[in-house]
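Chain letters run A, B, ... following the sequence lines, proteins first and then strands; every chain starts at 1. In what follows, every heavy atom counts, from backbone to side chain, and hydrogens, waters and symmetry copies are set aside.
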Amino acid sequence: MVEAKIKINSQTGLHARPASLLVKEANKFKSNICLVKHDKEYNAKSIMSVMSMGATFGDEIIIRASGEDENEALNSLKSIIEALKD
Amino acid sequence: MFGFFKKSKEVKIKSPIKGKIINLCEVEDEVFSSKIIGDGFAIKPVEGVVYSPVEGKVVQLFPTGHAIGIKTKEGLEILIHIGIDTVSMKGEGFTPYVKVDDKVNVGDKLISFDLELVRQKAKSDVVPVVITNMEVVSELKVDFKDSNVGDEVAYVKLK
């Protein structure tokens, strides 16, 4: 299992558009991937789950991946979240 | 093997807002029009109140109150997203009446919003109603018409 902490820098947070980008990318990988906010895990491959996290500007979340392609999954999702702009 | 005898489940989705039911492909946002999030329909609203289209549980309410997700007991997940690019309004004009984990019945008041403000500030006032877990759906039929709150507007058959 690998994980990374990341801060949401987009003013509007992870809602419909960014969340759908993220979920689309997460589904390219075989690994189990979750996002963690306030110790609660959310499935990165489910749009409703990602939106229910309610991640907004300034929130720190953790990306957690486990499986055969966990490193690629982690790096790819990390760069998507880092690149989020409004 | 008993799955063969199981009656397939269905969900009837009622109109959550008074307005005209339109095709998702007419929504001015490709996240919805290209059905990346899921399939369903959209409403051109004439009133700023959203009522529950199904019986279920609130699973998602973004902090800004501009979108809500409900999961039915059959396992269908429905997202109601008020307006396009309304996330940037940061909650101004949106009043939720429920919270995450609340049980809701058809017709329960979910969110009220300032329709005029949405028309001024957002890209569009159209409200996509989208099934976000289409993998459980085998059939979806939508009745494109002018609808009142509570009218049956979509029929969903589950796998």
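- Both B:Met134 and B:Val54 are part of a single hydrophobic cluster, where members link through side-chain heavy atoms under 4.5 Å apart.
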Donor-acceptor pairs under 3.5 Å, chain A versus chain B:
from	atom 1	to	atom 2	distance (Å)
A:His15	ND1	B:His66	NE2	3.2
A:Arg17	NH1	B:Asp29	OD1	3.0
A:Arg17	NH2	B:Asp29	OD2	3.4
A:Arg17	NH2	B:Asp85	OD1	2.6

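- B:Ile37 and B:Val50 fall into different hydrophobic clusters, defined by Ile, Leu, Val, Met, Phe, Trp and Tyr side-chain heavy atoms under 4.5 Å apart, directly or through other members.
- With a threshold of 4.5 angstrom between heavy atoms, A:Ala19 does not approach chain B through any atom at all.
- For B:Ile84, no part lies near chain A; criterion is any non-hydrogen pair under 4.5 Å.
- Between chain A and the residues B:Pro63, B:Gly38, B:Ala67, B:Gly69, the largest count of heavy-atom pairs under 4.5 Å involves B:Pro63.
- Following chains of ILVMFWY side-chain contacts shorter than 4.5 Å, one can reach B:Val129 starting from B:Phe113, so the two form part of one hydrophobic cluster.
- Under the 4.5 Å side-chain heavy-atom criterion for Ile, Leu, Val, Met, Phe, Trp and Tyr, B:Val87 and A:Phe57 are members of distinct hydrophobic clusters.
- One hydrophobic cluster, built from ILVMFWY side chains closer than 4.5 Å, cannot hold both A:Leu35 and B:Val100; they sit in different ones.
- When every heavy atom of B:Val59 is checked against every heavy atom of A:Met48, the shortest pair comes out as CG2-CG, 3.8 Å.
- Of all the heavy atoms in B:Phe62 and A:Gly54, the pair that sits closest is CE1-CA, 3.5 Å.
- With a 4.5 Å cut-off on non-hydrogen atoms, B:Leu79 touches chain A through its backbone and its side chain both.
- Contacts between A:Leu14 and chain B at a heavy-atom distance below 4.5 Å involve the backbone alone (N, CA, C, O).
- For B:Ile78, the part lying under 4.5 angstrom from a heavy atom of chain A is the backbone only.
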